[in-house]
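Here the structure is laid out as structure tokens; the discussion comes afterwards.
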Amino acid sequence: MEQPNLEMMRHSASHIMAAAVLKLFPDAKLAIGPAIDTGFYYDFDLPRPLTTEDLSKISDLMKESIKARQSFERSEVSRAEAMEIFKDQPYKLELIADLPEDETISIYRQGDFVDLCRGPHIAHTGYIKANAFALLNVAGAYWRGDEKRPMLQRIYGTLWNNKEELDAYLKQLEELERRDHRRLGRELDLFSLHEEAGAGLVYWHPKGARVRTIIEDFWRKQHYDGGYDILYTPHIGRSWLWETSGHLVNYRENMYSPMDIDGQDYYIKPMNCPFHILIYKTQTRSYRDLPLRWAELGTVYRYERSGVLHGLMRVRGFTQDDAHIFCTPEQIEDEILGVLRFSLNMLRAFGFEQINPYLATRPPKAIGEPAQWDQATESLRKALQGERLAYEVDEGGGAFYGPKIDLKIKDSLGREWQLTTIQFDFNEPERFDMTYVGTDGKEHRPYMVHRALLGSLERFMGVLIEHYAGAFPLWLAPVQAKVIPIADRHQEYARQVMAALRAADLRVELDESSERMNAKIRTAQLAKIPYMLVIGDREVAANAVSVRLRTEQDLGDIPVEAFIARAQGLVESHSPEL
RNA sequence: GCCGACGUAGCUCAAUCGGCAGAGCAGCGGUUUUGUAAACCGCAGGUUGUGGGUUCAAUUCCCCCCGUCGGCUCCA
């Protein structure tokens, strides 16, 4: 028997749960029940939908099994024996049928429950602590993830080494809810969605729009400084454009129905690339013109199935921080390295330190010359190595039109988010017959690379909100300071202070309400405003402000000029400090 | 799209068995002029997501649709 570890316990727990479900529903058909990184699940085909009462019954039965210390017994059976044992379990039969001929078929038994399973399992059910697991919810899941196959009921459970770890996990779930960008978006008055006006479409309120503007301004400056030019292109294009690009063939299910303009079909854009290519083709391009690096904050619309929409993270209209690089084969390595460095700097500027790259290579069905693929993939690999980044390879995970690097960041709660993608495209240059004139005076096909760094501004904002729990670093905060006069007689000086700070390019608001100072502080605190500048008789006399941070730290009286210098310095350096 | 749960005031939530839809916060008006996380009094706020059905009577029971949430699948 192997040493019991968390994964084994979780996997075993899924068996214990399946046994409990069978007791409750003798006709239940079992699918699969693996361990996952927070616990386990098991998929069932049941005669009726599960209720929360069912969950607690199942949980009680599991606890009985744990108390009984039922042992897990492994045995190996022939294919015929396995078919006989699971003759009433169609999903198991399918699994058996799909096992390779030479595979040993093992079953595990605890009590009177038998399951097809590779194992390993814990020695007996008593290894699991009855107070260290919880059944969380029921969800629908397709058999084998295929939407054409039956929809099963999946029960999710979480399991840990002990009660303390379970409690810590449940507490983390609460923290996730507290930080949920949809909740913070409303509480901080950043954005809204309007079902009556269409699902998955974002409305930016003044404060959210302010944050977005700051991000965009920074982004533009970085791009100009980094050797990019910036484009603006239309939001719709005639069917010719999408036929030529191949989107109507390859991407149609994500595109909206056409609109009729003077008898012609126009489509709202799901991508920006064809427009950039048209600009490329307005001139004969020479190798001397390359590389061209063209960026655009391009707003695109893509159809997403109603069930997948989620706040800012998954929407139907969004703005990509897109760019296309057109270059020669000789330039490709330098360009890729440049893009990668540029991406890392951008992500780090927003406070993301943990960045994990994934390299996706040629899939079985792909277009383009193998030699091109090799060169492109090699340039991606070299760039990653050049930056000394540990990366994972997703063999065959590239798009049919080119290999790519995706960068996923880890947020303050340890969750991974894909933001950056750097993709080669061997398809569109071909389709649009893009060329440049080389040193030999002949026409050549340029390399084309798509890249988005922040991904989309909508999702990026969602990630930022959750990463910072709504408490944006000073340089991004929509309101950086709230001036809080204690009594009406301090209002005039408070207005002077506000004017001075605004003249210094700080974002300041004045609380002129007739609330007590305590209430004003509370309001500012809940709005997660970095600085609360309290003004009373003392401050008026000293030409100062009393500075309270949203961290609850009280800095005491500081001369107005000194406060301005402090804040400006921290904004300038994108500091996380206040 | 599919499975399940849900939809009551701007927000968070009540309303017994089908019997006059209610509270806190926010908002508005007034009083209060305050030293580091909530002053006091009052007012207003609703076609109970939409449409239909059952009933003397529907927030409550049934059906369609829309949307939200948790998943499946897919992706920026």
Side-chain angles (χ1 to χ4, degrees), chain A residues 41 43-46 48-52 136-156 177 180 182-183 186-187 189 192-200 251 253-254 270-272 298-300 302-322 399 406 417-421 423 450-460 462-463 484-491 513-527 532-539 546-550 552-557:
Chain A
Y41 67 79
D43 289 345
F44 305 97
D45 197 341
L46 298 172
R48 64 165 175 84
L50 288 167
T51 63
T52 41
L136 297 177
N137 52 354
V138 182
Y142 298 107
W143 168 236
R144 297 197 147 177
D146 183 345
E147 61 187 287
K148 293 185 185 64
R149 319 256 349 229
M151 174 67 72
L152 308 171
Q153 296 189 64
R154 174 173 297 177
I155 304 178
Y156 280 99
E177 199 179 321
D180 191 312
R182 294 165 297 184
R183 174 194 182 128
R186 185 177 59 240
E187 288 175 357
D189 197 13
S192 57
L193 297 146
H194 299 264
E195 54 170 273
E196 66 276 24
Y251 205 71
E253 65 277 16
N254 285 296
M271 291 192 191
N272 305 299
T299 303
V300 298
R302 298 182 185 173
Y303 173 72
E304 295 287 355
R305 306 211 267 182
S306 60
V308 305
L309 299 174
H310 180 88
L312 296 179
M313 301 302 192
R314 195 67 182 276
V315 294
R316 284 179 173 161
F318 56 97
T319 301
Q320 290 183 302
D321 69 318
D322 209 356
D406 289 333
W417 297 96
Q418 191 202 313
L419 301 177
T420 304
T421 183
Q423 309 194 348
H450 306 257
R451 50 111 278 200
L453 305 187
L454 310 178
S456 83
L457 286 163
E458 285 73 11
R459 175 184 287 181
F460 188 70
V463 172
I484 298 178
I486 290 175
D488 285 351
R489 65 178 177 280
H490 308 123
Q491 295 255 3
S513 71
S514 63
E515 291 293 339
R516 293 170 57 215
M517 180 206 63
N518 279 311
K520 293 180 184 179
I521 285 177
R522 181 167 191 274
T523 304
Q525 189 77 45
L526 290 175
M532 283 151 268
L533 308 177
V534 177
I535 286 171
D537 293 336
R538 257 186 359 239
E539 287 73 25
S546 174
V547 180
R548 176 194 161 107
L549 308 182
R550 71 177 166 210
E552 297 186 37
Q553 197 186 342
D554 187 348
L555 300 185
D557 278 8

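Here is how names work: the chains are called A, B, and so on, in the same order as the sequence lines, proteins then strands, and each is numbered from 1.
- In terms of polar N and O atoms assigned as donor or acceptor, the side chain of A:Glu304 never comes within less than 3.5 Å of the base of B:G1 in a complementary pairing.
- Using a 4.0 Å heavy-atom cutoff across all strands shown, A:Arg489 reaches sugar-phosphate atoms only and no base atom.
- Looking at heavy-atom distances under 4.0 Å, A:Leu526 makes contact with a base.
- Base pairing of B:C72 is made with B:G1, judged by Watson-Crick or G-U wobble geometry with both donor-acceptor distances under 3.5 Å.
- Contact of the A:His310 side chain with the A:Val308 side chain is not registered, since no non-hydrogen atoms from C-beta on lie closer than 4.5 Å.
- Atom CE in A:Met313 sits about 12 Å away from atom P in B:C69, given to the nearest Å.
- Across all strands shown, A:Asp488 has heavy atoms under 4.0 Å from base atoms, whether or not it also approaches the sugar-phosphate.
- At a threshold of 4.0 angstrom between heavy atoms, the contacts of A:Arg459 include nucleobase atoms, whether or not backbone atoms are also involved.
- Side-chain contact between A:Pro485 and A:Glu539 is absent, with no heavy atoms from C-beta onward closer than 4.5 Å.
- Remark: the separation of the P atoms in B:A76 and B:U59 is 46 Å, to the nearest Å.
- Remark: the separation of the C1' atoms in B:U48 and B:U8 is 4 Å, to the nearest Å.
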Every protein N/O lying under 3.5 Å from an N/O of nucleotides 10-12 of chain B:
residue : atom : partner  : partner atom : Å
B:U12   : OP1  : A:Arg186 : NH2          : 3.3

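- In terms of position on RNA chain B, the residue among A:Arg305 and A:Thr421 whose nearest nucleotide sits closer to the 5' end is A:Arg305.
- Within 4.0 Å of A:Gly307, counting heavy atoms only, lies at least one base atom of the nucleic acid.
- For the C1' atom pair drawn from B:C25 and B:A44, the interatomic distance equals 15 Å after rounding to whole Å.
- No engagement by A:Asn254 is indicated, since no non-hydrogen atom pair under 4.0 Å with the nucleic acid exists.
- Using a 4.0 Å heavy-atom criterion, one finds that A:Val300 contacts no nucleic acid atom at all.
- With P as the reference atom, B:C62 and B:G4 are 15 Å apart, rounded to whole Å.
- Remark: A:Glu552 engages no residue in a salt bridge (Lys or Arg N to Asp or Glu O under 4.0 Å) (not counting sequence neighbours).
- Not one side-chain nitrogen or oxygen of A:Arg302 sits closer than 4.0 Å to the OP1 or OP2 atom of B:C74.
- The base of B:G1 lies close enough to the side chain of A:Tyr142 for a donor and an acceptor atom to sit less than 3.5 Å apart.
- Looking at heavy atoms from C-beta onward, A:Arg459 lies out of side-chain contact with A:Leu454 at the 4.5 angstrom threshold.
- Contact annotation: the side chain of A:Arg302 never approaches that of A:Arg316 to less than 4.5 Å [non-hydrogen atoms, C-beta and beyond].
- Atom CZ of A:Phe44 is separated from atom C1' of B:C72 by 16 Å (rounded to the nearest Å).
- Heavy-atom neighbours of A:Glu253 CD from other residues, nucleotides or ligands within 6.0 Å: above the threshold of 12.
- Distances shown here put every side-chain N or O of A:Ser514 at or beyond 4.0 Å from the OP1 or OP2 atom of B:U32.
- B:U60 and B:A14 have their C1' atoms separated by 14 Å, with the value rounded to a whole Å.
- Mapping A:Gly556 and A:Arg144 onto RNA chain B by nearest heavy atom places A:Gly556 at the nucleotide closer to the 5' end.
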Check the interface with nucleotides 3-7 of chain B: list each N/O to N/O pair with the protein under 3.5 Å, or write none.
residue : atom : partner  : partner atom : Å
B:C3    : O2   : A:Gly140 : N            : 3.2

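- B:G45 is unpaired under the Watson-Crick or G-U wobble criterion, no partner having all donor-acceptor distances under 3.5 Å.
- Residue A:Tyr156 and nucleotide B:G71 are not classified as a stacked aromatic pair, given the requirement of ring centres less than 5.5 Å apart at an interplanar angle below 30°.
- For the P atom pair drawn from B:A58 and B:G1, the interatomic distance equals 32 Å after rounding to whole Å.
- Figure legend. B:C40 is base-paired to B:G30; pairs are counted as Watson-Crick or G-U wobble with both atom distances under 3.5 Å.
- For B:C69, one of the phosphate oxygens OP1 or OP2 lies less than 4.0 angstrom from a side-chain nitrogen or oxygen of A:Arg182.
- Pair assignment for B:U8: none, as no Watson-Crick or G-U wobble contacts are both less than 3.5 Å.
- Side-chain contact between A:Asn137 and A:Arg154: absent, with no pair of heavy atoms (C-beta onward) separated by less than 4.5 Å.
- Taking only side-chain atoms of A:Asn518, from C-beta outward, the nucleotide of B:C75, B:A37, B:U34 with the closest atom is B:A37.
- Between the C1' atom of B:U73 and the CZ atom of A:Arg314 lies a distance of 9 Å, rounded to the nearest Å.
- Remark: B:G35 base-pairs with no nucleotide in the shown strands. Criterion, Watson-Crick or G-U wobble with two distances under 3.5 Å.
- Using a 4.0 Å cut-off, no side-chain N or O of A:His194 falls inside it from OP1 or OP2 of B:G67.
- Rounded to the nearest Å, the gap between the C1' atom of B:U47 and that of B:A9 is 13 Å.
- Judged by distance alone, with hydrogens and angles left aside, A:Arg548 brings a side-chain donor or acceptor within reach of the base of B:A37, the pair sitting under 3.5 Å.
- The two residues A:Leu309 and A:Ala199 come nearest to each other via the heavy atoms CD1-CB, 3.7 Å.
- For B:G53 and B:C13, the P atoms lie 33 Å apart once the distance is rounded to whole Å.
- When every heavy atom of A:Ser546 is checked against every heavy atom of A:Asp554, the shortest pair comes out as OG-OD1, 4.2 Å.
- Contact check, A:Tyr303 against B:G1: a side-chain N or O comes under 4.0 Å of OP1 or OP2.
- The side-chain heavy atoms of A:Thr420 and A:Leu453, taken from C-beta on, include a pair separated by under 4.5 Å.
- Judged as a side-chain hydrogen bond (donor to acceptor under 3.5 Å, both in side chains), the pairs with a partner in residues 143-153 of chain A (not counting sequence neighbours) are, in order, A:Glu94-A:Trp143, A:Glu94-A:Arg144, A:Glu94-A:Arg149, A:Asp98-A:Arg144, A:Glu147-A:Arg305.
- A:Glu304 is not listed as a side-chain neighbour of A:Val315, based on a closest heavy-atom distance of 4.5 Å or more.
- Put simply, A:Arg516 has no side-chain N or O that comes within less than 4.0 Å of OP1 or OP2 on B:U36.
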Identify the pairs formed between an N or O of the protein and an N or O of nucleotides 44-48 of chain B at a distance under 3.5 Å, and give each distance.
none

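- With sequence neighbours left out, the ring pair (Phe, Tyr, Trp, His ring centres under 6.0 Å) criterion links A:Tyr156 to A:Tyr41.
- Counting only heavy atoms from C-beta outward, the side chains of A:Ser514 and A:Asp488 never approach each other to under 4.5 Å.
- At whole-Å resolution of the value, CD in A:Gln525 and P in B:U36 are 14 Å apart.
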